[in-house]
There are 2 protein chains.
Amino acid sequence: MRASSVDQIIIETLSKEHAHLTSAQVYEKIRERLPAVNLSTVYRALERLVTSGSVSVSDMGTGSAVYEILADGRHHHLVCQKCGQVLTIEDNEVRELFSKIQENNHFHVLTNHLILFGICAACQKDS
Amino acid sequence: MRASSVDQIIIETLSKEHAHLTSAQVYEKIRERLPAVNLSTVYRALERLVTSGSVSVSDMGTGSAVYEILADGRHHHLVCQKCGQVLTIEDNEVRELFSKIQENNHFHVLTNHLILFGICAACQKDS
DNA sequence: AACCAAAACGCAAATCTTTGCAATTGCAAC
DNA sequence: GTTGCAATTGCAAAGATTTGCGTTTTGGTT
């Protein structure tokens, strides 16, 4: 892989934001520095970064995928299907399962950002 | 929810197939019995069935989501990012994690079909 | 410095999925 | 049976993402 300026700027942007950004949001952000960049170039750069493991992509059920830098501690998310609330859970809650799956199946898990859908505590009470 | 004929036919179709079908494949199949049905109707019916828990949807990284009946024993998949091979793992390997997450976070997990990406044993040897 | 192959890019088109809206249908109460 | 309302549908358009292809850029080699 070559050092693409788009890749670098996306990493810098996502590192500064520390948030889930959609492709469109990433596109807008990096256009401040690369005004002529094309959206498909952003998609391809994001794909490279996800494959290389520096960025995570997740479908949180909002209609478009969201991207996030993976530099700081890994984490995962619980998305409430009723109220849309997003809970964050730490990686150690999940890593154990991944280890077992790796042992049992001789499969090296690369997925680094899990999204689980369900119902949060508050919405469970409501019903 | 009302008894939609499309919902019923999709369930019957997926039950017969016992496979991962794309929305386009579902569309073609049910057109044999409902020739005038619209693709967006199929999408909406699939969404209902997924929400109600009778069908699972997963992005296996093939460009389009795949749908599967959930009637028979639940299972999950490991997708090799090198060769594309799909391994099936049983629900008990995963249910334990879900239980812990439910306890720790008072969150009722509804996700019923997990897709984990990684590298299979064979491809690990190759590299 | 010139050259080459591979990687990245822009653009347009294709593909996949969702959505707004008006029309239709099914179910239940009357 | 008909009336009313909400769920479902078709259609067209919008939105999200991927892809083919010709061009440009990059990094390494001569």
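So you know, we letter chains A, B, ... as the sequences are listed, proteins then strands, and number each from 1. Just so it is clear, the values below take in all heavy atoms, side chains as well, and ignore hydrogens, waters and symmetry mates.
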Between [N] ([atom2]) and [X] ([atom1]): distance, integer Å:
X        : N       : atom1 : atom2 : result
Leu46(B) : dT8(D)  : CG    : C1'   : 14 Å
Tyr27(A) : dT17(D) : OH    : P     : 14 Å
Leu34(B) : dT8(D)  : CG    : C1'   : 13 Å

Between Arg74(A) and Glu90(A), does any side-chain N to carboxylate O distance fall below 4.0 Å?
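Judged by the 4.0 Å cut-off on N to carboxylate O distance, Arg74(A) and Glu90(A) do not form a salt bridge.
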In terms of side-chain geometry, is the basic nitrogen of Glu47(B) or Arg44(B) positioned less than 4.0 Å from the acidic oxygen of its partner?
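Result for this pair is no, no salt bridge flagged.
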State whether [X] places a side-chain N or O below 4.0 Å from either non-bridging phosphate oxygen (OP1 or OP2) of [N].
X        : N       : value
Tyr43(B) : dT18(C) : no
Thr41(B) : dG10(D) : yes
Asn38(A) : dC9(C)  : no

Write down the atom of Cys80(A), the atom of Cys120(A), and the distance for their closest heavy-atom approach.
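In terms of heavy atoms, the two residues are closest at SG-N, 3.4 Å.
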Pick the nucleotide of DNA chain D nearest each of Ser23(A) and Leu39(B); which residue has the one closer to the 5' end?
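Whichever sits nearer the 5' end wins; that is Leu39(B).
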Under 4.0 angstrom, heavy atoms only, what part of the nucleic acid is [X] near: base, sugar-phosphate, or nothing?
X        : result
Ala36(B) : sugar-phosphate
Ala65(A) : sugar-phosphate
Ser40(B) : base

At what distance, to the nearest 0.5 angstrom, does CD of Gln8(A) lie from CG of Leu49(A)?
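Rounded to the nearest 0.5 Å, the CD-CG separation comes to 8.5 Å.
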Hey, which of these two, Glu47(B) or Arg44(A), hits DNA chain C nearer its 5' end, going by closest nucleotide?
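Comparing both residues, the 5'-ward one is Arg44(A).
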